[in-house]
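Notes to accompany the following structure.
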2 protein chains.
Amino acid sequence: MKTIADIAKMAGVSKSTVSRYLNGGSVSDTTKKKLERIISEQKYVPNTFAQSLKAKKTAMIGTIVPRLDSFAASQTMIGIDESLRSHGYQMLIASANQEIAREIEAIHNFARQKVAGIILMPAQITKEHISTFRDADLPLLLVGQQHPSFPSLIHEDYEAGRMMGEYVLNQGHRHILFLGVTERDIAVGMERKRGFQEALARHECRADYAETSFRMQDAMKTALHLLPQTEATVIVGATDNIALGLIKAAHQLGLRIPLDLSIAGFGGYDTTEIVTPALTTVTYNYLDIGKKAGEGIVQLVEEADWDLLTTSPVEISVRESVDKKKDTVYSITKETGSNEGT
Amino acid sequence: MKTIADIAKMAGVSKSTVSRYLNGGSVSDTTKKKLERIISEQKYVPNTFAQSLKAKKTAMIGTIVPRLDSFAASQTMIGIDESLRSHGYQMLIASANQEIAREIEAIHNFARQKVAGIILMPAQITKEHISTFRDADLPLLLVGQQHPSFPSLIHEDYEAGRMMGEYVLNQGHRHILFLGVTERDIAVGMERKRGFQEALARHECRADYAETSFRMQDAMKTALHLLPQTEATVIVGATDNIALGLIKAAHQLGLRIPLDLSIAGFGGYDTTEIVTPALTTVTYNYLDIGKKAGEGIVQLVEEADWDLLTTSPVEISVRESVDKKKDTVYSITKETGSNEGT
DNA sequence: CTGAAAGCGCTTACAG
DNA sequence: CTGAAAGCGCTTACAG
């Protein structure tokens with residue numbers, strides 16, 4: 001491996017001059033040309049460790065995702081990778097594997113590696129997070145959740161909930177069940193539901209609420225329990241995975257979707273188009289939010305400034321899993337055929 | 001940030017001693033105790049750049065995946081991450097985004113960053129790959145494809161094909177269509193098909209072969225074309241995504257699965273359990289191969305030695321998408337109801 | 001525009 | 001077991 005000293009010698013200049021050339025400092029045209037030639041001939045690439053050791057900064061951005069195998073995380077990473085690359089930064093990924101402790105640990109590791117900044121996709125923000133952010137003292141961008149003290153980039157969760165509420169109402173449903181998740185997750189557990197509730201509040205209808213976990217299996221179990229009891233004509237899951245669990249449970253109970261029961265979700269995962277019937281959902285733009293996150297952290301790193309809150313738009317994707325009811329009058333009696341469970 | 005000099009001063013010893021303590025050299029019990037206390041009190045962590053600059057090695061393993069949003073890649077990364085962590089290494093991820101050029105570029109970048117080793121999941125291995133490997137001169141492990149000159153870790157593709165061939169035969173199918181992919185992909189395009197062919201070769205049956213791409217959309221288009229023409233009673237897609245495309249096309253044509261047509265795939269993606277009917281497939285253990293890859297590269301890095309070829313077992317997952325035919329006699333006439341296309 | 005020198009925070013023979 | 005010294009490959013004031 002060639003070093004800067006080798007190049008300097010070959011060019012007959014000092015290391016300083018080579019370094020200056022490399023970093024865009026003022027160098028005469030003649031030496032610039034010479035250096036350009038020699039460097040490409042020798043395929044010289046500066047040692048990043050030495051650079052970072054001296055300059056005390058790197059071109060790496062640490063990205064902490066809750067898990068590696070979720071549609072949302074994958075798409076967001078793709079977006080981040082893309083925009084970071086275009087700005088000359090490298091994306092480092094750490095998976096927290098759904099554990100808060102590992103999220104904290106990942107922040108420490110990244111800080112120690114002197115990344116230029118951190119993008120974090122948390123499910124919750126605890127005091128421990130806050131204090132870790134504080135003493136990491138690094139540019140930080142939150143994605144998917146917001147916090148008043150840190151730049152945040154979120155999906156329009158409230159809006160998404162509202163859209164879905166209005167949509168099912170418009171389809172004539174008057175007895176609605178929302179299967180949500182813990183309110184400790186502000187974005188999904190609270191905002192999404194709040195938007196939904198407010199849409200329903202403007203109409204005469206009955207709304208029930210239940211809670212389950214993020215895991216499809218759990219949602220299915222909950223649904224197996226709930227479905228035989230409820231008289232709701234539509235069930236809205238707080239995420240597509242929950243909706244998918246609902247569909248599986250409904251299949252198992254011999255319910256026809258959307259004939260006997262309508263189902264909808266949130267997220268726009270690719271799987272929602274594969275299932276039968278295709279799932280009506282609110283589509284989130286994970287790729288977009290990823291790109292914005294990349295831009296954002298670069299700006300935070302280079303200019304130490306970015307909006308405290310940025311949002312990424314959502315849109316409803318109407319497919320086949322929600323039925324149009326003719327009878328739009330509120331009624332407890334179901335009119336869609338009986339529930340012939342297995 | 002504290003440096004090793006600070007710690008040395010506080011302990012009243014030299015930097016050398018602190019460094020020796022840190023790296024497991026011989027240090028007296030007394031100073032060992034003292035150092036231990038001071039370091040944890042001061043929360044001292046060595047600067048990785050300085051370490052790497054001097055020691056000329058790092059504890060990072062570069063992992064190059066074809067894409068970030070595939071089930072196979074995600075699971076494999078999870079496995080790699082896990083075993084690397086347990087050995088004190090860090091996983092660095094680069095996505096080639098399906099482009100060979102970016103795969104090559106990623107190898108260069110990792111080499112420049114002085115990673116300890118590289119795990120590569122290629123779709124093909126070109127001469128350009130080989131020459132890049134050669135001058136990167138780094139421990140390298142191939143995952144999912146094999147090459148005679150480099151340690152490789154593969155799924156039992158041939159075996160998988162054989163299993164599936166035998167299974168559909170056992171189910172009484174005698175007219176079979178295999179929807180494969182380009183043979184430039186040795187693992188998927190060649191081996192999987194070869195195993196399948198050899199299983200069929202042992203019985204009297206008719207086998208047709210067609211080709212499509214890896215993308216579900218393409219598979220669906222191909223299927224829309226193929227389905228109305230073929231008289232096969234079962235179609236086997238070379239990947240689950242292809243099988244999923246087949247299912248979608250069959251649905252669109254009004255074919256009932258598995259009543260009118262049986263469908264099977266390879267991979268064991270999580271989505272195969274969600275679709276209706278659940279897909280019969282050969283399940284690959286991506287998590288396992290990921291863990292093995294982690295172990296393997298660590299061994300290559302530390303002992304410069306590992307088997308040239310290691311395999312990860314597969315198993316068939318029988319679900320609902322393949323029908324049992326009563327009539328096991330070869331016959332061109334289908335007996336499963338007519339094809340009432342849309 | 002250019003160069004000499006100091007220094008970033010470690011590790012590693014070498015001598016004791 | 002311990003320390004002084006050199007050096008890894010860069011960057012950055014500083015002086016010219």
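Protein chains get the first letters and strands the later ones, always in sequence-line order, with residue 1 at the start of each. The basis for the numbers below is simple: all heavy atoms, side chains too, and nothing from hydrogens, waters or symmetry mates.
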What I want to check is whether the side chains of A/S14 and A/T17 have a donor and an acceptor closer together than 3.5 Å. yes
Over how many whole Å does the gap from A/K9 atom NZ to C/dT2 atom P extend? 20 Å
Would you mind classifying the nucleic acid contact of B/S52 as base, sugar-phosphate or nothing, using non-hydrogen atoms under 4.0 angstrom? nothing
B/S/- along nucleotides 7-16 of chain C (protein heavy atoms under 4.0 Å) is BBBBBB----
Does C/dT2 have OP1 or OP2 under 4.0 Å away from a side-chain N or O of A/S26? no
B/Y89-B/E302 side chain donor-acceptor pair, cut-off 3.5 Å: yes
Looking at A/H147, A/Q124, A/E103, which hits side-chain hydrogen bond (donor to acceptor under 3.5 Å, both in side chains) with A/H129? A/E103
Would you tell me if any nitrogen or oxygen in the side chain of A/S14 comes within less than 4.0 Å of OP1 or OP2 on C/dA4? no
Touch class at under 4.0 angstrom, heavy-atom based, for A/T48 against every strand present: nothing
More than 12 heavy atoms from other groups under 6.0 Å of NZ on A/K2: no
Under-4.0 Å side-chain N/O to phosphate OP1/OP2 contact, A/T17 with C/dT2: no
So which heavy atom on B/A187 is nearest to which on B/D157, and how close? CB-OD2, 3.3 Å
Smallest heavy-atom separation, B/A293 atom then B/I119 atom, equals O-CD1, 3.8 Å
Taking the side chain from B/D137 and the backbone from B/R134, do they hold a donor-acceptor pair closer than 3.5 Å? no
Enumerate, in order of first residue number, the stems that involve DNA chain D, defined as 3 or more consecutive Watson-Crick or G-U wobble pairs with both distances under 3.5 Å. C:1-3 with D:14-16, C:5-12 with D:5-12, C:14-16 with D:1-3
At their closest point, which heavy atom of A/L68 faces which heavy atom of A/S95, and how far apart are they? CD2-CB, 3.8 Å
